[in-house]
Amino acid sequence: MHDIKALRDNPDLFDQLWAKRGLEPQSKKILDQDALIRKAGQVVQEAEAARNKSSKLIGAAMAKGDKEEAERLKQEVAGAKNVIAAMGAQVESEKTILQDRLAGLPNVPFADVPEGEDEDSNVELHKHGTPKNFDFKPKDHADLGEALGMMDFEAAAKMSGARFVVLSGALSRLDRALAAFMLDLQTGENGYTETTPPFLVWDKALYGTGQLPKFEEDLYKTTGDHYLIPTAEVSLTNIVRESILDADSLPRRMTAHTPCFRSEAGSAGRDTKGMIRQHQFNKVELVSIVKPEQSEAEHKRMLGCAEEVLKRLKLPYRVVELCTGDLGFGARRTFDIEVWLPSQDTYREISSCSNCGDFQARRMNARYKYAEKDNRFVHTLNGSGLAVGRTLVAILENYQNADGSITVPDALLPYMGGVTLIK
RNA sequence: GGAUAGGUGGCUGAGUGGUUGAAAGCACCGGUCUUGAAAACCGGCGUGGGUUAACGCCCACCGGGGGUUCGAAUCCCUCCCUGUCCGCCA
């Protein structure tokens, strides 16, 4: 959501920033409608003032027993009410149109975000680690997992269809070990508070974080009023919705290990094999609620917290900054972490860390006490720390041996109950 | 799922149709008093929006939405939430 006042003050700046994301100029339409609404709104308010005034006089007239005067005043009120009804309805419908228009517009990027149309213009910031040279042809994770007898796509397909998997044995254990390792790192060393939020949320929560109204087709909806969360970003960020936070409580850092549910509409044919793109996957999410002046530094910090997981697992990765055309709906700046996958001979996204500025805060009405009588919107950030399924994929592929066994990374040994080699 | 009681300002809590945006207390802020503090006393103290150079004026808001009425915190409908009892259940 955008600040209509800021838009009134700097319409050209907004259009300029939206243009970087490939949008047509929006400000004029919005401001014209805004002016219309305010003008009509004034008429309504004046009518309301007249109605209120006359109504109070009616009370006084009745008290005095002046029925005639009361009747005359009632006529006045009736006239005012006609205006209120007619103009009021118009104002309301115009407001709804304006709200919908504003709600459908993406966040504006920071001025120094690299410009570009799509992911080809993303900028690599740095690399870490060196891809291992295998003296055999590395297999992909799906082949490895199936050969181990611990990754069953067929069984999952029979009950749930494509893009599901059944893990078992040591791979299930590995999945759990990864989540525990990530949570321990983020809570024990990086200051995030472990949180167990709802996995089912109302539409307004999704609206708050920006998945709605534009991306409904990506979500699973229950037969009731709930949606399954596509990421714990939704649950964690909405924890502060409709509240005024104590300034001293910021930054507030939360992490949660949750399943994520995505319909993957529109991605048919992509990553059809294996666990890269599933309808259901687990993720350890990081969310920070901060003061505006803290958000840029917090963003880098969060990126570091996510990177640390890969460093300790000794997985090669690189960090890219998304260009304006590749930014998500709510983000002002995003860093993606991509892990090396030998089978694909390339880096694949395993984490995405975004600074949303006050975009989500406005939609959620989440503020903090800046001063006496001055509440300001917080900034919100979210990032994966990390996607557990894709991390499991990366470990299988990077730690595979010629015989198809998987060496357990040192960092996970404390979580694997004595298992050092998966075979 | 059934029955029942509720949802009022940061908190507690009055208020069942007419200057009520809302008593009172607590908390908080300013002041008097005091060497200082406490106590006491005096004053202030909700949010959002419109308008104005400013003072100010106006509108909306008593869980959300809708309705009745000249007028609603107060009456009606509906949804959400909370408490209690029953049923069911991991």
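Note that this is a predicted model, so its numbers are computed, not measured.
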Test: A/Glu216 and A/Lys221 ion pair at under 4.0 Å:
no

State whether A/Glu264 and A/Arg270 are salt-bridged, where the test is any N-O pair (Lys NZ or Arg NE/NH1/NH2 against Asp/Glu carboxylate O) under 4.0 Å.
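So A/Glu264 does not pair with A/Arg270 through a salt bridge.
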
Only pairs with both distances under 3.5 Å count, Watson-Crick or wobble alike; so what is the partner of [N] in this structure?
N     : value
B/U12 : B/A24
B/G17 : none
B/U68 : none
B/A5  : B/U82
B/G30 : B/C42
B/A73 : none
B/A90 : none
B/A60 : B/U47

Base, sugar-phosphate, or nothing: which does A/Arg72 touch, judged by heavy atoms less than 4.0 Å apart?
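A/Arg72: no heavy atom of the nucleic acid under 4.0 Å.
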
Remember a base hit wins even if backbone is also touched, and classify A/Lys95 as base, sugar-phosphate or nothing at under 4.0 Å, heavy atoms.
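Touches nothing.
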
Tell me if a side-chain donor or acceptor on A/Glu146 pairs with a main-chain N or O of A/Asp152 at a distance below 3.5 Å.
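No, because the side chain of A/Glu146 does not come within donor-acceptor range (under 3.5 Å) of the backbone of A/Asp152.
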
My understanding is that only residues two or more places apart in sequence, or in another chain, count here; which of them pass side-chain contact (heavy atoms from CB on, under 4.5 Å) with A/Asp410?
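Checked A/Asp410 against side-chain contact (heavy atoms from CB on, under 4.5 Å); matches are A/Leu413.
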
On RNA chain B, nearest-nucleotide positions of A/Ile4 versus A/Ile244: which is more 5'?
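The answer here is A/Ile244.
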
Rounding to an integer number of Å, can you tell me how far A/Asp34 CG sits from B/G50 C1'?
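Distance check: A/Asp34 CG to B/G50 C1' gives 11 Å.
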
In whole Å, I'd like the distance from the CG atom of A/Leu245 to the C1' atom of B/G10.
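From A/Leu245 CG to B/G10 C1': 14 Å.
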
Is the shortest side-chain N/O distance from A/Arg362 to OP1 or OP2 of B/G48 below 4.0 Å?
no

Under 4.0 angstrom between A/Arg38 side-chain N/O and B/U51 OP1 or OP2:
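Yes, because at least one side-chain N or O of A/Arg38 sits under 4.0 Å from OP1 or OP2 of B/U51.
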
Test: A/Arg332 cationic atom under 6.0 Å from A/Phe359 six-membered ring centre, within 45° of axis
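The answer is no; the distance or angle limit is not met.
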
B/G21 versus B/A72 - spacing of their P atoms, nearest Å
11 Å

The contact string for nucleotides 54-82 of chain B, one letter per nucleotide 5' to 3', using protein heavy atoms under 4.0 Å with B, S and - for base, sugar-phosphate only and none, comes out as ----BSS---------BS--------S--

Using the test side chain to side chain donor-acceptor pair (under 3.5 Å), find all partners of A/Thr237 that sit at least two apart in sequence or belong to another chain.
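Once residues adjacent in sequence are excluded, A/Thr237 has no partner under the side chain to side chain donor-acceptor pair (under 3.5 Å) criterion.
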
Pair A/Glu233-A/Gln360, side-chain donor/acceptor within less than 3.5 Å
yes

